[in-house]
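Everything numeric here is computed off the predicted structure, so don't read it as measured data.
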Amino acid sequence: MSKKGDDIWKNVDKINSELFTLTYGSIVAQLCRDFNHNYHEVNNQLDQMGYNIGIRLIEEFLSRTGAQRCQSFKETVEVITKLGFRVFLNIQPAVENWSSDGRSCSIVLPEPNPLNEFVEIPPTKDLWYCQILCGILRGALQMIQLDVDVNFVKDTLKGDDKTEIRLKLNKILKDEVPAGED
């Protein structure tokens, strides 16, 4: 699967990573100003932006990769880390800390995290600078019928040893035909 991610990455139109990083940083800085440094609200806005991106990004991911329906949550997380992150961010996170029931795990982003370049955050523990990634994961997974909680646990920008995102599967949503459409 990693090889497939490498092949897709080679054929994807790319933008300059510095431009991407600086643009994202400008968005976060503007949100901080707009919400008077209420970092809880900034996190919510970044999560909602990510969610909106995720519900659209899954279509592009599926068309680029030709990925088929996964048979388990573990398989889905494997596809996300080996293909999804590779295709869109050119990184391959590690999956760690699976729960005994297989319903939660951690995704550990490799260093350097492409969103963290050129970044210094204020001396607060409240801002999760890359919160947009949690929203993207949540939105994309919801579109493939997985209701998940996605939260940051650690962030190197806050002095932690790694950047870790925790995924928890709440339930598998039923495929339902919208009312009136048979």
Side-chain angles (χ1 to χ4, degrees), residues 1-15 20 23-24 27-28 31 41-99 101-110 113-115 128-153 155 163-182:
M1 208 173 317
S2 295
K3 172 76 170 107
K4 185 175 184 176
D6 290 342
D7 293 341
I8 294 169
W9 175 254
K10 290 176 188 172
N11 296 319
V12 172
D13 291 332
K14 297 167 190 72
I15 64 167
F20 173 70
T23 302
Y24 180 71
I27 291 169
V28 175
L31 285 171
E41 187 57 36
V42 171
N43 293 336
N44 289 340
Q45 292 296 315
L46 289 170
D47 189 79
Q48 187 59 47
M49 288 170 61
Y51 177 82
N52 292 334
I53 291 168
I55 62 176
R56 289 168 181 80
L57 196 64
I58 190 69
E59 294 292 329
E60 185 172 347
F61 171 77
L62 293 172
S63 70
R64 282 187 184 184
T65 64
Q68 300 299 310
R69 181 178 285 268
C70 296
Q71 300 304 309
S72 68
F73 183 57
K74 281 186 176 185
E75 184 182 350
T76 302
V77 171
E78 184 176 320
V79 170
I80 288 168
T81 56
K82 291 185 178 167
L83 282 177
F85 276 93
R86 180 73 170 124
V87 168
F88 295 109
L89 290 175
N90 194 27
I91 61 173
Q92 186 170 336
V95 181
E96 300 177 354
N97 304 322
W98 276 103
S99 63
D101 63 1
R103 296 180 67 85
S104 62
C105 66
S106 293
I107 294 176
V108 178
L109 302 180
N113 175 347
L115 291 179
W128 293 100
Y129 182 78
C130 295
Q131 183 66 36
I132 198 165
L133 294 176
C134 293
I136 290 170
L137 288 166
R138 190 171 53 84
L141 289 170
Q142 184 172 333
M143 294 307 292
I144 58 168
Q145 308 303 314
L146 298 175
D147 177 28
V148 295
D149 290 333
V150 185
N151 301 295
F152 268 96
V153 177
D155 191 347
T163 301
E164 179 180 346
I165 300 172
R166 191 81 183 152
L167 293 168
K168 179 182 176 250
L169 176 64
N170 295 321
K171 65 181 175 178
I172 298 173
L173 304 170
K174 294 181 180 180
D175 286 324
E176 295 181 7
V177 177
E181 294 182 24
D182 291 328

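Annotation: side chain of Lys168 is not in contact with side chain of Asn151 (no heavy-atom distance under 4.5 Å). Put simply, the side chain of Glu41 reaches to within 4.5 Å of the side chain of Asn44, judged on heavy atoms. Taking 4.5 Å as the limit, every side-chain heavy atom of Leu169 sits out of range of all side-chain heavy atoms of Thr76. Side chains of Pro110 and Pro93 form a contact here, defined as non-hydrogen atoms less than 4.5 Å apart. With contacts defined as side-chain heavy-atom distances shorter than 4.5 Å, the pair Glu78/Val95 does not qualify. The shortest distance between side-chain heavy atoms of Ile172 and Leu146 falls below 4.5 Å. Using a 4.5 Å heavy-atom cutoff, the side chains of Phe88 and Ile136 are not in contact. In this structure, Leu141 and Ile80 have side chains that are in contact, with non-hydrogen atoms separated by less than 4.5 Å.
Counting all heavy atoms, side chain and backbone alike, Gln71 lies closest to Glu75 at N-OE1, 2.8 Å. Between Lys174 and Gln145 the shortest heavy-atom distance is O-OE1, 3.3 Å. Heavy atoms only, all atoms of each residue included: Gln131 and Leu46 are closest at CB-CB, 3.9 Å. Closest of all the heavy-atom pairs between Glu96 and Arg166 is O-NH1, 4.2 Å. The two residues Val79 and Cys70 come nearest to each other via the heavy atoms CG2-SG, 3.8 Å. Shortest non-hydrogen contact noted between Arg103 and Asn170 is NH2-O, 2.8 Å.
Formation of a donor-acceptor pair under 3.5 Å by the Thr163 side chain with backbone atoms of Leu109 is not found in this model.
Evaluation of the ring-ring contact (aromatic ring centres under 6.0 Å, His included) rule for Phe152 yields Trp128 as partners, not counting sequence neighbours. Applying the ring-ring contact (aromatic ring centres under 6.0 Å, His included) criterion to Tyr51, with sequence neighbours excluded, gives no partner residue. Contacts of Leu62 classified as side-chain contact (heavy atoms from CB on, under 4.5 Å), with partners at least two apart in sequence or in another chain: Ile58, Ala67.
The structure places OG of Ser106 at 8.0 Å from CG of Leu167, a figure rounded to the nearest 0.5 Å. Here SG of Cys130 is found 7.5 Å from CD1 of Ile165. Values are rounded to the nearest 0.5 Å. From Ile27, atom CD1 reaches atom CE of Met49 across 4.5 Å, with rounding to the nearest 0.5 Å. Rounding to the nearest 0.5 Å gives a distance of 10.5 Å between OH of Tyr129 and CG of Asp155. Here Thr81 contributes atom OG1 and Ile91 contributes atom CD1; the two are 10.0 Å apart, rounded to the nearest 0.5 Å. Rounding to the nearest 0.5 Å places CD of Gln92 at 11.5 Å from CD1 of Ile107.
Between Glu60 and Arg56 there is no salt bridge, since none of the side-chain N atoms of the basic residue sits less than 4.0 Å from a carboxylate O of the acidic one.
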inquiry  = As a quick check of understanding, evaluate side-chain contact (heavy atoms from CB on, under 4.5 Å) for Val148 and Leu137, giving each step before the final call.
reply    = CA-CA 9 Å; Val148 295; Leu137 288 166; over 6 Å; no
